[in-house]
A.B. asks: 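One structure coming up, written as structure tokens, with questions to follow.
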Amino acid sequence: MSAASDLAGALAWARKHIVPSEARLLLRHVHRCQAAQLAAWPEEALPAVEWETFRRLVERREAGEPLAYLTGLREFYGRDFLVTPAVLIPRPETELLIDLALSRFSEEPRLKALDLGTGSGVLAITLALELDCAEITALDQSNEALEVAKSNAARLGANLAFLRSDWYAALGGERYQLIVANPPYIAEGDPHLAMGDLRFEPRAALAAGENGLASLAHIISGAGRHLEDGGWLLMEHGYDQSAAVRGLLADAAFTDIASWPDLAGIDRVSGGRWAGMPREEGAG
Ligand code: GLN
């Protein structure tokens with residue numbers, strides 16, 4: 001098809017290639033309009049440049065590229081975040097981490113919190129926006145990811161600190177009341193990595209060692225050096241990892257260890273409280 005003269009024609013063409021809801025979303029993105037406008041004025045003209053842009057996006061979607069990378073946006077906790085292929089696409093189940101953090105710290109006047117592997121910044125920025133006066137540090141080992149997170153903070157008006165760091169490596173002796181993380185947790189050999197959106201997402205944000213637990217284990221073993229006594233560590237993990245993660249937390253002498261289910265009823269976040277230095281370690 002060489003050109004679509006109106007919105008309805010463009011949608012009719014696109015529906016032969018991708019599902020209708022995604023066609024509408026891409027057309028709204030290109031034509032910068034609301035869903036109601038598409039429905040009410042299907043005969044509205046589609047300028048030739050927009051048609052070209054739309055056609056290319058539909059072809060890329062048909063080839064498997066994630067919708068969020070095509071539109072450059074994904075909603076999380078009621079706000080739109082910029083996303084690029086340098087960052088994991090935010091998932092709805094990750095909102096559970098925010099709910100758990102807010103239920104523990106919404107009365108805390110100046111929460112000091114750390115987001116490990118912030119990616120697009122959804123966790124750190126949402127906490128900063130939901131909790132007035134919180135002091136949030138967002139770190140990532142990827143400069144490209146930090147650039148995306150900084151853009152999101154600026155767009156959404158969130159005030160937080162950013163740090164380039166391989167997990168705790170650049171943190172010095174800082175301690176926090178809360179550490180959150182949505183680390184990579186898929187096993188390197190998992191066939192899902194070659195399917196769907198995951199094919200296009202940064203491997204470093206998805207896969208962690210032979211059983212997917214490498215980053216979670218690293219985060220848990222180092223958390224005691226960066227949590228205040230009584231501070232919480234809350235981590236997202238894979239659908240079958242909650243018992244293993246609780247085991248790692250117990251080995252590291254955490255208390256109040258628990259797992260919480262996501263909207264699908266699957267244990268998706270586990271965490272615990274840091275009770276203080278374990279017996280065998282000295283200060284520091
Ligand atoms: N939840 C993502 C998925 O399984 C993975 C995200 C992650 O590894 N943190 O698709």
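Counting starts at 1 for both ligands and their atoms, following the listed order.
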A.B. asks: Identify the closest protein heavy atom to atom 1 (N) of ligand 1: which residue and atom is it, and at what distance?
C.D. replies: Tyr185 OH, 2.7 Å
A.B. asks: Answer yes or no: is there an ion pair linking Glu50 with Arg32, defined by an N-O contact shorter than 4.0 Å?
C.D. replies: no
A.B. asks: Between Arg74 and Asp80, is there a donor-acceptor pair closer than 3.5 Å when you use the side chain of the first and the backbone of the second?
C.D. replies: no
A.B. asks: Give a yes/no verdict on whether any heavy atom in Ala205 is under 4.0 Å from an atom of ligand 1.
C.D. replies: yes
A.B. asks: One thing to verify: whether Glu59 and Arg56 come together as a salt bridge, which I'm taking to mean a side-chain N less than 4.0 angstrom from a carboxylate O.
C.D. replies: no
A.B. asks: Just go through His237, Met235, Arg91 and tell me whose heavy atom is the nearest to atom 10 (O) of ligand 1.
C.D. replies: Arg91
A.B. asks: With the side chain counted from C-beta on, respond yes when Leu156 and Phe81 share a heavy-atom pair under 4.5 Å apart, and no when they do not.
C.D. replies: yes
A.B. asks: Looking only at distances, can you tell me whether any N or O atom of Arg268, backbone or side chain, sits closer than 3.5 Å to an N or O atom of ligand 1?
C.D. replies: no
A.B. asks: Charged N to carboxylate O below 4.0 Å: is that the case for Glu201 and Arg91?
C.D. replies: yes
A.B. asks: Need the ligand 1 atom indices (1-based, order shown) with element for anything under 4.0 Å from a heavy-atom of Leu198.
C.D. replies: 10 (O)
A.B. asks: Run the contact test for Pro183 against ligand 1 with a 4.0 Å cut-off on heavy atoms, strictly below, and give the result.
C.D. replies: yes
A.B. asks: Would you mind listing which atoms of ligand 1 come within a distance below 4.0 Å of any non-hydrogen atom of Asn182?
C.D. replies: 7 (C), 9 (N)
A.B. asks: Using a heavy-atom cut-off of under 4.0 Å, does the side chain or the backbone of Asp197 touch ligand 1, or both, or neither?
C.D. replies: neither
A.B. asks: Please lay out, stage by stage, how Trp13 and Arg55 fare under the test side chain to side chain contact (heavy atoms under 4.5 Å, CB included).
C.D. replies: CA-CA 9 Å; Trp13 169 80; Arg55 202 175 50 78; 3.3 Å; yes
A.B. asks: Quick test: of every protein heavy atom, which one is nearest to atom 4 (O) of ligand 1, and how far off is it to 0.1 Å?
C.D. replies: Ile186 CD1, 3.9 Å
A.B. asks: For the pair His226 and Tyr168, name the ring-plane relationship: parallel under 30°, tilted 30 to 60°, perpendicular over 60°.
C.D. replies: parallel
